[in-house]
Amino acid sequence: MSEQKQAEESWSPDTEVVSMYNFRGNSKEDLPFRRGEVLTIVRSTKDPMWYFARLPNGKTGMIPSNYVQKRGEVKLHAMPWFHGKMDRKEAEVKLSPTEEGLFLVRESMNFPGDYTLCICSGGKVEHYHIIYSHNKLTIDEEVFFENLSQLVEYYKKDADGLCTSLKKPLEKKGKLEYSVDQSIFKKQGWIISQKHIELGELLGGGHFANVYKARYTSCNTVVAAKVLRDNNKASHLFLAEASVMTSLRHPNLVSLIGLVTEGDTLQIITEFMAKGSLVEYLRSRGRSVIMKEDQIKFASDTARGMAFLESKSVVHRDLAARNVLINDDDVAKVSDFGLARHTSANQDGGHLPIKWTAPEALRKSDFTNKSDVWSFGILLWEIYTFGRVPYPKIPLADVVSRIEDGYRMDKPDVCPDDIYDLMLRIWNLKPEKRPSFKAISDQLNKMKETRTTTRV
Ligand code: ADP
Ligand code: MG
């Protein structure tokens, strides 16, 4: 505990801090807490060592600042030398003319999920298999790394058995990949001990992970735990998802509570969204239960979350009703911004959600906030059809060409004219002609205020 360091920086209201020790409190004014709890600063006090703070259960009181640390953002490292899927031949072409120590890293074609380090030396290209096992990377099964950036840094300093040390990266053109360092989560206060998370019922399954309802015992709160499947090679995507979440905090974005990383276990702990995904909500309740005002509220909540992402220049890439979650108070929040910066899963895995993705993103990989706006138009259509699958009668393979020929989905049975008009303005082939999320959010907010409670 460094008293001086803590006293130097002062925390503004709403700063989140996480406790490093148990605090029992000495007086009635004190707020006792246990290690690992997240507290929100309410205000500073005359004494720089003490703050008035709040626990998630609403209790407030005085806390000693040297028992807690501020939670910080976890930044991703760019990997300019990472070229994604590429075979041996292509790598050799890219690396010619050879230059001693020129290198790149590619995804292995022979060993899916593993990587290959290609280095020029003595006029040839050497290919080293990077094995991925137990959440670690290794070439020689002697030295292990948490991610590709660490591996590259290591072999830059020393050849350590390779033909040469890494001297010059062959930089990839276009969109870069990122890696993230697990230890930074720890340093920034995001790591939760596994014994504090009790898994409960299975809520759903995604591409890499299962989601469970869970109890965060030291805070006595219900949370959602996204658990990476055993020894999964997607852990870097998983960590990237968590790192994006550390910096994006907004009432309409599902918020990160922490991360469990112990041994092979990797879990993302987020706030619990009791009513599940918006698409399930719409389908299970239908038009007999869902009111016009609910629909406009879900649309407006989602647009507000997206306007925040837009203000941070973060592109979601997978906005759809299945990726919007509803909490106990019927607040809609955007989730799954993990692929925000990570494209390879999308591009290579064939998971691109064709019916939600803007034509320019499908054709030219041109993902922008405006391509997210297109997806939001589809999401609006989902809301007003109570969760139908878009383009009901059109085969998937024909969707893009039909859209380019001018086809647009019809107005849903019960949909206000101004909402359908918004959908049509959104589905403009020219991205720059589409409204921004800020404009959409303002418009929906106005509509929300003028609508009265009526059954659809
Ligand atoms: P993926 O994007 O990989 O498909 P998701 O994160 O969307 O995985 O999770 C799958 C399902 O788990 C969701 O459709 C939803 O039903 C449930 N789920 C995910 N996160 C939460 C949460 N925070 N609270 C409640 N349920 C959740
Ligand atoms: Mg999802």
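In each ligand, atom 1 is the first atom listed, and ligand 1 is the first ligand listed.
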- Message: Is the ring pair Phe437/Phe376 parallel, tilted or perpendicular, if the boundaries are 30 and 60 degrees?
- Response: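 Ring orientation of Phe437 relative to Phe376: perpendicular.
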- Per atom 25 (C) of ligand 1, closest listed option by heavy atom (Lys275, Lys333, Met273):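 Residue with the shortest heavy-atom distance to the ligand atom: Met273.
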Side chain of [X], backbone of [Y]: donor and acceptor closer than 3.5 Å?
X      : Y      : result
Asp294 : Met291 : yes
Asp329 : Val331 : no
Asp114 : Tyr132 : yes

Please determine if [X] has a nitrogen or oxygen closer than 3.5 Å to a nitrogen or oxygen of ligand 1.
X      : result
Ser335 : no
Leu325 : no
Arg322 : no
Ser277 : no

Distance under 4.0 Å to a non-hydrogen atom of [X]: what atoms of ligand 1 satisfy this?
X      : answer
Ala224 : 22 (C), 23 (N), 24 (N)
Asp336 : 1 (P), 2 (O), 5 (P), 6 (O), 7 (O)
Asn323 : 7 (O)
Leu203 : 25 (C), 26 (N)
Glu271 : 22 (C), 23 (N)
Thr270 : 23 (N)
Glu280 : 14 (O), 16 (O)

- Task: Establish, yes or no, whether a centroid distance under 6.0 Å links the rings of Phe82 and Tyr115.
- Result: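 For Phe82 and Tyr115, the ring centres are under 6.0 Å apart.
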- Message: Using a 6.0 Å distance limit plus a 45 degree cone around the ring axis, check whether Arg317 lies over the aromatic ring of Trp356.
- Response: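 No cation-pi geometry.
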- Query: Do we get Arg434 above Trp427's six-membered ring, with its NZ or CZ under 6.0 Å from the centre and within 45° of the axis?
  - Reply: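 Not flagged: Arg434 not positioned over aromatic ring of Trp427.
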- Message: Contact between ligand 1 and Lys213 is defined here as a heavy atom of the residue under 4.0 Å from a ligand atom; is it met?
- Response: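 The answer is no: ligand 1 sits nowhere under 4.0 Å from a heavy atom of Lys213.
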- Can you tell me which residue pairs pass the ring-ring contact (aromatic ring centres under 6.0 Å, His included) test with a partner in residues 273-296, sequence neighbours excluded?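 Residue pairs passing ring-ring contact (aromatic ring centres under 6.0 Å, His included), neighbours aside: Tyr281-Phe298.
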- Message: Quick one, Lys333 and Leu325 - any side-chain contact, counting heavy atoms below 4.5 Å?
- Response: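 No, their side chains stay 4.5 Å or more apart.
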